[in-house]
Amino acid sequence: MADKKTFNGTIGRTIDDTKFKYNIEKSPSEGKPNVIYIVLDDTGFAQLGCYGSTIHTPNIDRLANEGLRYNNFHTTAICSATRASLLTGANHHSVGISTVAETNLATRNNLGGINPEYATLAEILHEYDYRTIAVGKWHLSANDERTGAGPYKNWPLNKGFDNYYGFLAADMDQWNPTLTRDNTMVDPPKKASEGYHLSEDLTENAIHYVYEHHYSHPEQPFFLYLAYGAMHTPHHAPKEYIDKYKGKFDKGWDTIRQEWFENQKKLGVIPPNAELTERNEHVPAWDSLTDNQKKAYARYMEVFAGFLEHTDAQIGKLIDFLEEQDILDNTMIVLISDNGASAEGGKDGHFNLNTSMDILANYPRDVELALENYETLGDEYSQPHYPTGWANAGNTPFQWYKQWTYEGGVKDPMIIRYPAAIKQPGSVVNQFAHVSDITPTVLDVLGFEKPKSIKGVAQQPLQGISFKKTFEDKDAKTDKTVQYFEMHGNRAIYKDGWKAVVNHTFNDSYGQSYADDVWELYHVDDDYSEKYDVADQYPEKLEELKEEWLIQAGHYGVFPMLRTGMLHSRDDLKENHKYLVLPEQTYVYKHVRYPYNLASDPGLGTRTSSAIVTVDRTEISEEGILIAKGDRFGGLSLYIKDNKPKFVYNLDADTFYVAESDKELPLGEVQIRWDFIVTGEEKADVNLYINDQKVGSTKVDKFFYTVGAGTAVSLKQNKFTSVYDPDYASPFEYKSEIKEIVIHVGATTIDTEEDTNKALHIE
């Protein structure tokens, strides 16, 4: 911070005998600008106002008008991977994040966190005396690290940030989030009913951190990494923002897509010769829909638009603060989306995303639920995601979506504002760029090199290439001549204005050879939208690019590639269970005095399992949660109420399976037990016991492999929203000590009565 003062005088026996002399060393950060990365989630190329949409984003548009918009910027097609590449300036496979951080296979390209050999920009700037702050979505640590007890090795504070406030997971309920401050789990400052919203909270904390720092150490620049949960599902926004868009999307995605395309031409954000690709083959024509479908689908999009405008308003608050403090123009702001618009809402959209994350999926009640909750869609009692057709419009003029390596998945908005260096503000830059190039560009502007060693770890060099020269000349020729892409087997390679791409997702039949994939070829220098497959016309060029992909993949550690959809959809998870054999496991927790979240989900509600809870009851009034997984949108819960144990399986916030005891609990030491016995495809029997006597049962006619996904298994409480709203309010903590909890989880290969008995430890 500022100048570094080092004593180099002579120490005497007393202060009078001491000769004071100091060496003053200038701080390397002196006179350098602040740096802010703003990351939006699942925001397509066309969804910002300054990129052609009719959604109101005046504050983001201001950044574009006073800075540069890039129309040839690329990401990795998924969240964790893009963030890893952004922060390290290297390709995501190299740094250990091939897809999402939950995929921790301990292979070099799937570490569940960033390899320390690839320091983050925060760690690099720490070496140059910057203050570093992270706020918002992290998603760079594996599931089993997301507990109050750590381990913290892949948390923000261990990756170079001085402070952190946000959430560690892939997505988050905007009304009732699970939050972390530094290395501690914390509660939201207020409830949704009191006006809480996560985007507002993140912005307020970002401003507070910068305010506190700037007032204390104005001479020291800062790096702020601000990653919103928006625009990832669940799409949550205050009703007044949503209602601004009533009727705005009634004309449907075909017309909106054409309008946004024409706006892009007028704005100059796409080339004059760009053409609009055909509507995606998995999206129906708007005119073919029923009136109920049109009404529901339009409302889903109104919710998304309100969510985006609300997010823009929060960014505006930060910009206003920087301007008030007279530090806006001395701050380099980089705003990106982490991937293209998401098709995970399926054909009908989802009232509750827990039902599926599959482009082809449709849940029977989604249209009906959207209409039943029309006026309140987007509130805390919904988890909405718009239908695939709106993602197709959001990625105008491109094909496909997030997770695909077509332009619809990887070509995304990027805006940079820095008046001190940008000579042609308001311009559109056509130069090819990749997310791995951003940090090298920032370091180039700052005049810093990546140190050879950081925190005692020898560093690998940056892999991205600076595009600083575009700040002075928007038409500067690109230095990035080649870039590979890979995501869940979807692959692509850009080289010298050509791009080869393969749609492995819809070629994969769980075991099909990657060698059987059919590659497409696009001359993207002339065909900006990637509309015309010219593979048959240029077979030699296609072979050249396929060979180049193998070279790049080998060099940057792409192998082994993951199966399609390993974390993509419920149906894919079900299919993968046939290949992914999980072992039988036992978990024992003794003398549970305090509420606790398990480090990872042992598989409750998706595998044959049992839980035995031993309590010593001194009063019949003792009640509360014993074990819970999930929230009001899906999960399971074992609890005591009215002196009886109950087990509830919440399928989708609309269907509940309840096993309630027909007997009251005795006083003294007592065992309460459930058996969840898988009886068929997504079917199970649940039996409830008191001291080995069966007291209740239910049949689960359908269960999801993703039930309660993203929420921890909790002991003694259901912390944020209750799995069974009709019967109890969260956290419904069991106040007395639980003597012991034993959870048995069977192997995924259980298919006989003998296997089931073994899994449940029944003799």
Side-chain angles (χ1 to χ4, degrees), residues 1-37 87 116-135 148-165 180-184 186 204-226 318 321-332 418 420-421 439 442-459:
M1 143 192 349
D3 297 340
K4 183 179 180 181
K5 184 167 66 172
T6 306
F7 179 84
N8 65 351
T10 303
I11 300 294
R13 290 189 176 185
T14 69
I15 197 166
D16 292 334
D17 297 331
T18 299
K19 295 182 179 179
F20 289 91
K21 185 179 179 183
Y22 296 96
N23 179 53
I24 306 298
E25 182 181 345
K26 291 289 185 183
S27 168
S29 69
E30 184 177 353
K32 302 295 184 182
N34 309 304
V35 178
I36 297 178
Y37 285 175
L87 287 172
E117 296 173 357
Y118 294 90
T120 68
L121 179 61
E123 291 172 301
I124 295 170
L125 292 183
H126 243 296
E127 299 291 308
Y128 292 102
D129 198 23
Y130 266 67
R131 167 76 181 277
T132 57
I133 304 159
V135 175
Y152 306 112
K153 67 177 182 178
N154 288 308
W155 286 32
L157 266 59
N158 264 359
K159 291 297 177 181
F161 290 99
D162 296 316
N163 294 101
Y164 173 65
Y165 181 75
T180 300
R181 188 178 297 281
D182 298 333
N183 285 345
T184 302
V186 296
E204 289 167 6
N205 273 270
I207 290 172
H208 176 77
Y209 281 131
V210 173
Y211 174 89
E212 187 176 59
H213 170 72
H214 181 61
Y215 269 49
S216 300
H217 306 289
E219 75 286 352
Q220 182 187 28
F222 63 84
F223 168 47
L224 169 63
Y225 176 68
L226 175 56
L318 175 63
F321 166 75
L322 297 172
E323 197 162 36
E324 289 167 3
Q325 297 300 318
D326 199 25
I327 55 177
L328 176 61
D329 287 349
N330 192 40
T331 301
M332 188 189 322
Y418 182 41
T439 283
V442 169
L443 292 174
D444 191 9
V445 171
L446 297 179
F448 296 152
E449 294 184 356
K450 183 181 180 181
K452 301 295 184 185
S453 177
I454 294 180
K455 295 191 287 193
V457 177
Q459 291 296 299

Stepwise, does the side chain to side chain contact (heavy atoms under 4.5 Å, CB included) test hold for Arg131 with Val210?
-> CA-CA 9 Å; Arg131 167 76 181 277; Val210 173; over 6 Å; no
Side chain to side chain donor-acceptor pair (under 3.5 Å) against Asp182, all qualifying residues, sequence neighbours excluded = none
Please check if the side chain of Gln459 supplies one atom and the backbone of Pro116 the other of a donor-acceptor pair under 3.5 Å.
-> yes
For Asp129 and Gln220, work out which heavy atoms get closest and say how close.
-> O-NE2, 3.2 Å
Determine whether the aromatic ring centres of Phe448 and Tyr128 lie less than 6.0 Å apart.
-> yes
Does the side chain to side chain contact (heavy atoms under 4.5 Å, CB included) test come out yes or no for Phe20 and Ile15, once each step is laid out?
-> CA-CA 9 Å; Phe20 289 91; Ile15 197 166; 3.9 Å; yes
Determine whether Asn205 and Arg181 make a side-chain contact, defined as any pair of heavy atoms from C-beta on separated by less than 4.5 Å.
-> yes
Do other residues, nucleotides or ligands put more than 12 heavy atoms under 6.0 Å from the NZ atom of Lys455?
-> yes
Check for a donor-acceptor pair, side chain of Thr184 on one end and backbone N or O of Thr180 on the other, with a separation under 3.5 Å.
-> no
Asp326 atom CG, over 12 foreign heavy atoms within 6.0 Å = no
Would you check if Asn34 and Leu224 make a side-chain contact, meaning some heavy-atom pair closer than 4.5 Å?
-> no
Between Val135 and Ala206, which heavy-atom pair has the shortest distance, and what is it?
-> CG2-CA, 4.0 Å
Any chance you could measure Lys4, atom NZ, to Lys26, atom NZ, to the nearest 0.5 Å?
-> 15.0 Å
Atom CG of Asp162 and atom NE2 of His126: how far apart are they, to the nearest 0.5 Å?
-> 3.5 Å
What do you reckon, is OH of Tyr211 surrounded by more than 12 foreign heavy atoms closer than 6.0 Å?
-> no
Contact check, side chains of Asp17 and Thr14, non-hydrogen atoms, under 4.5 Å = yes
Look up atom CG in Leu121 and atom NZ in Lys450, then write down how far apart they are to the nearest 0.5 Å.
-> 10.5 Å
Any chance you could measure Glu449, atom CD, to Ile124, atom CD1, to the nearest 0.5 Å?
-> 11.0 Å
Describe, in one word, how the ring planes of Trp155 and Tyr152 are oriented to each other, choosing from parallel (under 30°), tilted (30 to 60°) and perpendicular (over 60°).
-> perpendicular
With side chains defined as the heavy atoms from C-beta onward, is the minimum distance between Val35 and Leu446 less than 4.5 Å?
-> yes
State, to 0.1 Å, how close Ala458 and Ser453 come at their nearest heavy-atom pair, and which atoms those are.
-> N-OG, 4.2 Å
So, for Phe222 and Tyr130, which heavy atoms are closest and what is the spacing to 0.1 Å?
-> C-CD2, 3.7 Å
Is any side-chain heavy atom of Tyr225 less than 4.5 Å from a side-chain heavy atom of Thr132?
-> no
Please confirm whether the backbone N or O of Glu30 pairs with a side-chain atom of Glu219, one donor and one acceptor, at under 3.5 Å?
-> no
Could you give the distance from NZ (Lys32) to CG (Leu125), rounded to the nearest 0.5 Å?
-> 11.0 Å
Main-chain N/O of Thr120 paired with Glu123 side-chain donor or acceptor, under 3.5 Å | yes
Once you round to the nearest 0.5 Å, how far does OH of Tyr418 lie from CG of Asn330?
-> 6.0 Å
Mark yes when over 12 heavy atoms from residues, nucleotides or ligands other than Ile11 sit less than 6.0 Å from its CD1; otherwise mark no.
-> yes
